[in-house]
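No experiment lies behind these values; they were computed from the predicted model shown.
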Amino acid sequence: IWLVGARGNVATTTLVGLTALQQGHTVPVGLVSELPQFASLQLPAWNDFVVGGHEIRRTPLVETAEDLARQNRARDGVVVAVRRDLLRSGGNIRPGTLVNAGPAIEELADGRWRRRQETPAAAVKRVQRDMRAFVRKQKLRQLVVVHVASTEPAIDAAVVPRKWAELQALLEHPRKCPLGASSLYAVAALDAGYPFINFTPSLGSNLDAIREL
């Protein structure tokens, strides 16, 4: 699983839960995939999953997990039990992109990320290199990209070309390309052959040109 927004609350909660399931610190209560109706599908086991991702912040996963536990008054010791694994997982997180992400998200970013200047096309290629390197390193059969980053400012889909060839040409021109970061991650994933899931209400892959891609 490749999480976009990998140090955020949603991603951290996901990673804590997955790691706890892998190590037997919790049980799969409340998961639809565990219902008897799904037993015949031969879904991957918890230990079949490994997690990486992109992020524009430097906050350690352990710190985010501990803050969430305090805020939600969770005293079951799960975060303590998976602490070492969270530290290890942090090594699989790569710098994300801030192209057209909006001022609110830029304020969350580490200073080095804000100084990064790149065209949308360069961002797509860099993101793809990170994903492919993770696939090679982990010897993965499949990578699923899941966008769980903060919601971006709305974009008028009417101003975006409906054909992929026309949209692709705009990626080389920062001032002409209207795509936000969520859509650039979608382009990167789909162009590389990886499934893309948009969990947050950003535009993501919800464009005719990206559907064509």
Side-chain angles (χ1 to χ4, degrees), residues 1-55 61-62 64-69 71-86 88-90 92-93 96 127-128 130-132 134-152 157 182-183 185-208 210-213:
I1 306 294
W2 190 264
L3 297 174
V4 177
R7 298 185 191 275
N9 290 350
V10 175
T12 302
T13 302
T14 300
L15 187 54
V16 168
L18 175 61
T19 306
L21 285 165
Q22 290 173 333
Q23 296 183 1
H25 297 302
T26 190
V27 293
V29 172
L31 296 177
V32 173
S33 59
E34 293 295 310
L35 293 173
Q37 293 92 324
F38 293 84
S40 64
L41 295 183
Q42 298 181 332
L43 298 174
W46 302 120
N47 286 322
D48 291 335
F49 291 96
V50 63
V51 179
H54 280 109
E55 180 56 76
L61 287 168
V62 171
T64 302
E66 290 173 344
D67 286 345
L68 284 168
Q71 293 167 15
N72 294 284
R73 299 177 182 176
R75 305 297 183 189
D76 55 6
V78 170
V79 173
V80 174
V82 301
R83 192 176 195 278
R84 182 177 300 178
D85 292 86
L86 292 180
R88 187 182 303 116
S89 296
N92 293 329
I93 299 175
V127 163
Q128 286 180 327
D130 292 336
M131 293 175 180
R132 287 170 172 147
F134 184 69
V135 169
R136 290 193 301 270
K137 178 182 177 182
Q138 302 293 340
K139 300 179 181 178
L140 302 180
R141 184 179 62 202
Q142 181 61 286
L143 185 73
V144 178
V145 180
V146 186
H147 187 273
V148 292
S150 300
T151 305
E152 297 169 343
S182 67
S183 295
Y185 286 116
V187 168
L190 297 170
D191 181 60
Y194 305 136
F196 177 83
I197 299 171
N198 196 33
F199 184 83
T200 50
S202 295
L203 191 59
S205 59
N206 193 28
L207 287 165
D208 290 339
I210 298 180
R211 291 195 190 99
E212 181 185 340
L213 168 65

Problem set entry | Non-hydrogen atoms of Ser202 and Ser150 that approach each other most closely | OG-O, 3.9 Å
Exercise. ring-ring contact (aromatic ring centres under 6.0 Å, His included) between Trp2 and Tyr194: does it pass, once the steps are laid out?
Worked result: CA-CA 10 Å; Trp2 190 264; Tyr194 305 136; 9.1 Å; no
For this session: Determine the sole option in Val51, Thr12, Leu15 for which the side chain to side chain contact (heavy atoms under 4.5 Å, CB included) test with Ser89 is passed.
Result: Leu15
Exercise. Would you find a donor on one side and an acceptor on the other, under 3.5 Å apart, between the side chain of Thr200 and the backbone of Ala149?
Worked result: yes
For this session: Would you name the heavy atoms of Ser183 and Leu207 that are closest together and state the gap between them?
Result: OG-CD1, 4.2 Å
For this session: Applying side-chain contact (heavy atoms from CB on, under 4.5 Å), run through Val135 and Arg141 and close with a yes or a no.
Result: CA-CA 8 Å; Val135 169; Arg141 184 179 62 202; over 6 Å; no
Exercise. Where is the tightest heavy-atom contact between Leu68 and Thr13, given as atom of each residue plus distance?
Worked result: CD1-OG1, 3.6 Å
Exercise. Got Val62 and Glu66 here, is their nearest side-chain heavy-atom distance under 4.5 Å?
Worked result: yes
For this session: Describe, in one word, how the ring planes of Tyr185 and His147 are oriented to each other, choosing from parallel (under 30°), tilted (30 to 60°) and perpendicular (over 60°).
Result: tilted
Exercise. Thr14 versus Val148: any side-chain heavy-atom pair under 4.5 Å?
Worked result: no
Problem set entry | Rounded distance (nearest 0.5 Å) linking atom OG of Ser205 with atom CG of Asp208 | 11.5 Å
Exercise. Shortest non-hydrogen contact from Phe134 to Leu143?
Worked result: CD2-CD1, 3.8 Å
Exercise. Would a distance-only check, ignoring hydrogens and angles, find a side-chain to backbone donor-acceptor pair under 3.5 Å from Gln22 to Asp48?
Worked result: no
For this session: Check Ala6 against Glu55 and note the closest heavy-atom contact, atom names and distance.
Result: N-OE1, 3.2 Å
Exercise. Can Asp85 and Gln23 be counted as having a side-chain donor-acceptor contact under 3.5 angstrom?
Worked result: yes
Exercise. More than 12 foreign heavy atoms under 6.0 Å from CZ of Arg132: is that the case here?
Worked result: yes
For this session: Any chance you could measure Leu140, atom CG, to Gln142, atom CD, to the nearest 0.5 Å?
Result: 9.0 Å
Seminar exercise, completed: Between Val4 and the options Val146, Val145, Ile197, the side chain to side chain contact (heavy atoms under 4.5 Å, CB included) test singles out Val145
For this session: Report yes if some heavy atom in the side chain of Val78 is under 4.5 Å from a heavy atom in the side chain of Thr19; otherwise report no.
Result: no
Problem set entry | Heavy atoms from other residues, nucleotides or ligands near CD of Gln37 exceed 12 (cutoff 6.0 Å) | yes
Exercise. Hey, are the side chains of Asn198 and Asn206 touching, using non-hydrogen atoms and a 4.5 Å cut-off?
Worked result: no
For this session: Taking the side chain as every heavy atom from C-beta outward, state whether Leu61 and Ile93 have any atom pair closer than 4.5 Å.
Result: yes
For this session: Could you pull out the closest heavy-atom pair between Phe38 and Ser33, with the gap in Å?
Result: CB-O, 3.6 Å
Exercise. Is Thr151 close to Pro201 at the side-chain level, that is, under 4.5 Å between some pair of heavy atoms?
Worked result: yes
Problem set entry | Residue of the set Val27, Val16, Leu31 for which side chain to side chain contact (heavy atoms under 4.5 Å, CB included) holds with Leu21 | Leu31
Exercise. How far does CG of Leu3 sit from NE2 of His54, to the nearest 0.5 angstrom?
Worked result: 11.5 Å
